[in-house]
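Structure first, commentary second.
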Number of protein chains: 2
Amino acid sequence: MKGKIFIIEDEASIVQLVQHNLEKEGFVVSSSLNGNEGLKELKKFEPNLLLLDWMLPDLSGIDICKNIRRDSNLKSLPIIMLTAKGEEEDKIKGLESGVDDYVTKPFSFNELHARIKAVLRRSDPNIVANDLTFEDLKLDRIEKRVFRADKEIQLGPTEFRLLEFFLTNPKRVYSRDQILETVWPNNVNVESRTIDVHIRRLRQSINIKDKKELIRTVRSSGYSLV
Amino acid sequence: MKGKIFIIEDEASIVQLVQHNLEKEGFVVSSSLNGNEGLKELKKFEPNLLLLDWMLPDLSGIDICKNIRRDSNLKSLPIIMLTAKGEEEDKIKGLESGVDDYVTKPFSFNELHARIKAVLRRSDPNIVANDLTFEDLKLDRIEKRVFRADKEIQLGPTEFRLLEFFLTNPKRVYSRDQILETVWPNNVNVESRTIDVHIRRLRQSINIKDKKELIRTVRSSGYSLV
DNA sequence: TTTTAATGTTACAGAAATATTACAAATTAA
DNA sequence: TTAATTTGTAATATTTCTGTAACATTAAAA
């Protein structure tokens, strides 16, 4: 069971696409095209997460949000809001009124999916897969622990994110730029060579003598997990 | 380069979502919200594939289709049509008028993506494939690995690119100049004879005893995969 | 056959990419 | 605050790759 998601969004085509994709991912999904009805159905449906459009014909997203936070049964329902490009003020209002995250339209499904997983991971950990494994390597996202051959390994924050990144797509070769984009916070400028150093640190931590090297260097291309 | 895709579809939200997702996948995408303009832009854009809505405000999908098939430059342009649920008759008409495949709304992006790859693989194979194979030779572009008869082979960066190049058009004979242009980074000046050396290195790596030579020398013309 | 042009082979020096180390600044914990 | 940890970079070491030149071999032409 992957959890239940409710969508309140007035653009039918968006609802269809998102709903279809989420169902393919194993979520149980229900939706409503307007705010007032949505609120009612929502209470019956008891979702684990709500996708909420910010611009609705009847009720505004902020009203729905407040309404939910006032309701003791829904108080802790995670909400991801869908905003149109440039509605920066709304984002701020949204975050103030208790929204957990936001996604700007147009968004790719992958982007939305990643946000949903991230939010669910915080609020409802056993709904989402939290363990990444590869061979005798295991990474627990909840407890932030890493094991090699059942022995716990201590990693610094950056090395943890780096390994987490590699584990989401083992074997695939990533360039330094790709690694930088994904593993480092946005708009941070670090030398591309810096990655070599972190790779070195990660290698040192996860390598066990007599066990094979897990990180492969692909000259002129990047690195991958092997 | 993954290829260029043009979209003619009047629902802006669908266009946005599909375009965004396709661009994330590495395609170059352009689009138009109506038929007449679309046809014009299409000719300028020169896509590898067209996504065509069947219900447009001005021109019908079938008209566009016929128009395209009549144009000698666009004759072989692969078309995937987007139909609403239950327009079965249209599908038949569509296939008769030269559509390559169709997708029924609402569709998941993955579904669409799969269709696109399938159609492109037929029409324009080297745009989409990540695995290149020829006889018992296999090159994986994602993992950057090469196998001969299921045995992994280690190649340097240049030899890898060289083999990748040959694999996109096996059997075809390439002159040294053509090889140089494509395999070497632009505005690099290397002796044409240098290629002989790399060919030699590649041969040494991919040849297995008792197996036939895979690279053929065509005296005074160049080399090819055989 | 001899000659000639094209390709094959080899070795090697410089270039390029990566690995390693050390350290100071920044961040976090105590 | 001090101490400990983490980070990014620069400097240096090491490894691997590249291009070329010199010489060898082969195939076609004369």
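Within every chain, numbering begins at 1; the chains are lettered A, B, ... in the order of the sequence lines, protein sequences first and strands thereafter. Worth saying up front: this structure is predicted, and the values here are computed from it rather than measured.
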- Phosphate contact (C/dA17 OP1 or OP2) by A/Tyr223 side-chain N/O below 4.0 Å: no

- Would you call A/Lys4 and A/Glu46 a salt bridge, using N to O less than 4.0 angstrom? no

- Item | B/Asn207 CG to C/dT9 C1', straight-line distance once rounded to whole Å | 14 Å

- Item | Integer-rounded Å distance: C/dT18 C1' and A/Ile215 CD1 | 14 Å

- How many Å lie between CG on A/Asp196 and P on D/dG8, as a whole number? 13 Å

- Message: Please determine whether a side-chain nitrogen or oxygen atom of B/Arg203 lies at a distance below 4.0 Å from atom OP1 or OP2 of C/dT9.
- Response: no

- Message: How many whole angstroms separate atom CD1 of A/Ile195 from atom C1' of D/dT7?
- Response: 13 Å

- Ion pair B/Asp140/A/Lys171, N-O distance below 4.0 Å: no

- Quick one: label A/Thr194 by what it contacts on the DNA or RNA (base, sugar-phosphate, nothing), any heavy atom closer than 4.0 Å. base

- Query: What integer distance in Å separates A/His198:NE2 from C/dT20:P?
  - Reply: 15 Å

- Query: Does B/Arg176 or A/Val197 map to a spot on DNA chain C nearer the 5' end, using the closest nucleotide for each?
  - Reply: B/Arg176

- Item | Carboxylate-amine/guanidinium contact A/Asp196 A/Arg176, below 4.0 Å | yes

- Task: Report yes if at least one side-chain N or O of B/Thr217 is closer than 4.0 Å to OP1 or OP2 of C/dT7; otherwise report no.
- Result: no

- Select one nucleotide: of D/dT7, D/dT20, D/dC17, the one nearest the side-chain heavy atoms of A/Pro157. D/dT7

- Item | Side-chain donor/acceptor contact of A/Arg200 with base of C/dA19 under 3.5 Å | no

- Task: Check whether any side-chain N or O of B/Trp184 sits under 4.0 Å from OP1 or OP2 of D/dT18, and answer yes or no.
- Result: no

- With a 4.0 Å cut-off, would you call B/Asp100 and B/Arg115 a salt bridge? no

- Item | Nucleotide D/dT16, atom P - distance to CG of B/Leu155 in whole Å | 15 Å

- Query: Rounded to the Å, how far apart are A/Leu162 CG and D/dT6 C1'?
  - Reply: 14 Å

- Closest to the B/Glu159 side chain: D/dT18, D/dT20, D/dT7? D/dT18

- Compare every heavy atom of A/Ile215 with every heavy atom of A/Arg203, then report the nearest pair and how far apart it is. NH2-O, 3.0 Å

- Message: Less than 4.0 angstrom between a side-chain N/O of A/Arg193 and OP1 or OP2 of C/dA19, yes or no?
- Response: no

- Task: Using only side-chain N and O atoms of B/Arg201, determine if any of them is under 4.0 Å from OP1 or OP2 of C/dT9.
- Result: no

- Query: Side-chain N or O of B/Thr158 less than 4.0 angstrom from OP1 or OP2 on D/dT18?
  - Reply: yes

- Of all the nucleotides listed (C/dA19, D/dA28, D/dG8), which has the minimum atom distance to the side chain of B/Arg219? D/dA28

- Nearest-angstrom distance from the residue atom CD of A/Gln204 to C1' of D/dT6: 14 Å

- So, the side chain of A/Asp124 versus the backbone of A/Leu120: is there a donor-acceptor pair under 3.5 Å, distance only? no

